[in-house]
2 protein chains.
Amino acid sequence: MDYNQFKHCGLNVALGILSGKWKAIILYHLFHQESMRFTELWRIIPKVTKKVLLEHLKQMEHQGLLIRSEVNTFPPEVYYKLSDKGKALAPALSALEVWANEYAREEVDLLKSK
Amino acid sequence: MDYNQFKHCGLNVALGILSGKWKAIILYHLFHQESMRFTELWRIIPKVTKKVLLEHLKQMEHQGLLIRSEVNTFPPEVYYKLSDKGKALAPALSALEVWANEYAREEVDLLKSK
DNA sequence: TAACCTGTTCACTAATTAGTAACCATGGAC
DNA sequence: GTCCATGGTTACTAATTAGTGAACAGGTTA
């Protein structure tokens, strides 16, 4: 098998971008829902605080994974959605998911049962 | 495109396992070298301290990604290599690498230049 | 008028991770 | 004897991340 296909710099960057307690869930929901309001995300993700959720979203927007748009009404409406860069993560995330379900079943089931 | 292929639990588990400042480099080297001694890894990875490297290795061994074997000589010889579970990460890591090189070139080049 | 809503910020604490530096055991080289 | 080497440990500090709870603007509803 040829492993020369990946050099650690890219891997490092990718894992760095994906690091953060709530990144997986945020990505998961945005892959399934196209566009979501801040509060909607906040309500659907159990136990995150607004502050931390916002920090994650800001960081992801900054990294170009997410696009944020606000509708200037009252109360304000802010929508988050995946950018092309974010969408392009699909195959990699999917591969990670497949790996976890095949090789880390126990941990996955444990997480699911909570 | 069908994104239903990944559910966030598996993704969460995978990203959790892959989180840690030196995981990418450790994996990278073990994908390229089959088996490495502790000190060899320690010397080849710039700036990690023994303590932290050891913590990472222990954790990865515990999670079943790595196999540790010691030869009882003096001075001691301890070898680390990827398990099947670890090797099975190849496609996912490779996909992340590809993504980073395509969509996060700047960060990658920045890291490479250091 | 009071209470409610949304997206954000702020000041502060707690928890988790990483880093520093010294120390151990002990066989072999000098 | 003294010093080096290997794979660890330990006690302690620093840095990074996450969590808590309150505040704000200001239009809408009661």
Side-chain angles (χ1 to χ4, degrees), chain A residues 8 12-30 33 35-63 65-81 107 111 114, chain B residues 8 12-30 33 35-63 65-81 107 111 114:
Chain A
H8 71 290
N12 235 330
V13 166
L15 290 180
I17 286 176
L18 259 17
S19 84
K21 190 165 177 184
W22 308 100
K23 294 281 172 72
I25 304 202
I26 294 173
L27 287 168
Y28 173 78
H29 286 298
L30 289 177
Q33 208 162 138
S35 171
M36 290 179 83
R37 287 183 69 169
F38 176 79
T39 309
E40 195 179 355
L41 266 170
W42 182 54
R43 264 194 279 265
I44 218 170
I45 298 176
K47 291 182 273 177
V48 215
T49 56
K50 289 164 139 196
K51 198 204 80 172
V52 174
L53 176 57
L54 207 65
E55 278 171 5
H56 276 117
L57 292 173
K58 264 188 182 168
Q59 196 193 130
M60 292 167 88
E61 187 201 355
H62 201 81
Q63 293 163 334
L65 259 49
L66 261 43
I67 292 168
R68 174 184 176 282
S69 56
E70 45 183 304
V71 180
N72 227 345
T73 55
F74 236 92
E77 289 174 44
V78 177
Y79 294 91
Y80 289 93
K81 64 174 187 185
E107 294 97 311
L111 231 194
K114 289 204 255 194
Chain B
H8 71 290
N12 236 329
V13 166
L15 290 180
I17 285 176
L18 260 17
S19 84
K21 190 164 177 185
W22 308 100
K23 294 282 171 70
I25 303 201
I26 294 173
L27 286 169
Y28 172 78
H29 286 298
L30 288 178
Q33 208 162 135
S35 170
M36 289 180 84
R37 287 183 69 168
F38 176 79
T39 309
E40 195 179 354
L41 266 169
W42 182 51
R43 262 194 281 264
I44 220 171
I45 299 177
K47 290 182 273 178
V48 215
T49 55
K50 289 166 137 197
K51 197 204 81 171
V52 174
L53 177 56
L54 209 64
E55 278 170 6
H56 276 110
L57 293 173
K58 265 185 181 169
Q59 195 193 131
M60 291 167 90
E61 188 202 353
H62 201 80
Q63 293 164 332
L65 259 49
L66 261 43
I67 292 170
R68 175 184 176 280
S69 55
E70 45 184 307
V71 179
N72 227 345
T73 55
F74 235 92
E77 290 174 43
V78 177
Y79 294 90
Y80 290 92
K81 63 173 188 188
E107 295 96 309
L111 231 193
K114 289 204 255 193

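No experiment lies behind these values; they were computed from the predicted model shown. Per chain, numbering begins at 1; letters A, B, ... match sequence-line order.
Going from atom CH2 of A:W42 over to atom P of C:dT9 covers 16 Å, rounded to whole Å. The distance from atom CG of B:L54 to atom C1' of D:dT10 is 13 Å, rounded to the nearest whole Å. The distance between atom NZ of B:K47 and atom C1' of C:dA21, rounded to the nearest whole Å, is 19 Å. A:I26 places its CD1 atom 14 Å from the C1' atom of D:dT17, with the value rounded to the nearest Å. Here the P atom of nucleotide C:dC5 and the NZ atom of A:K50 are 11 Å apart, to the nearest Å.
When the side-chain nitrogen and oxygen atoms of A:H56 are compared with OP1 and OP2 of D:dT17, none of them lie within a distance under 4.0 Å. The phosphate of D:dT6 (OP1 or OP2) has a side-chain N or O of B:R43 nearer than 4.0 angstrom. For the OP1/OP2 pair of D:dG19 and a distance below 4.0 Å, the side-chain nitrogens and oxygens of A:W22 include at least one atom meeting the criterion. Phosphate proximity of D:dA15 to B:K21: absent, as no side-chain N or O sits under 4.0 Å from OP1 or OP2.
Of the residues near DNA chain C, B:P76 and A:P75, the one whose nearest nucleotide (by heavy atom distance) lies more toward the 5' end is A:P75.
Between the A:K58 side chain and the A:L54 main chain, no donor and acceptor come within less than 3.5 Å of each other. Distance alone, capped at 3.5 Å, is enough to place a donor-acceptor pair between the A:K23 side chain and the A:I17 backbone.
Here D:dG27 is the nucleotide among D:dG27, D:dA11, D:dG19 with the atom lying nearest to any side-chain atom of A:F74. Distance from the side chain of B:T49 is smallest for C:dG19 among the nucleotides D:dT9, C:dG19, D:dT20. Considering only side-chain atoms of B:V52, the nucleotide from D:dT6, C:dG19, C:dC10 that sits closest is C:dG19.
A:L111 is not listed as a side-chain neighbour of A:E107, based on a closest heavy-atom distance of 4.5 Å or more.
Contacts of A:Y80 with the nucleic acid, taken as non-hydrogen atoms under 4.0 Å apart, involve only primed sugar atoms and P, OP1 or OP2. Residue A:E70 is classed as having no contact, given no heavy-atom separation below 4.0 Å to the nucleic acid. Looking at heavy-atom distances under 4.0 Å, B:V78 makes contact with sugar-phosphate atoms alone, never a base.
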Is there a side-chain contact (heavy atoms from CB on, under 4.5 Å) between A:K21 and A:V52 once you walk through the steps?
CA-CA 9 Å; A:K21 190 165 177 184; A:V52 174; over 6 Å; no
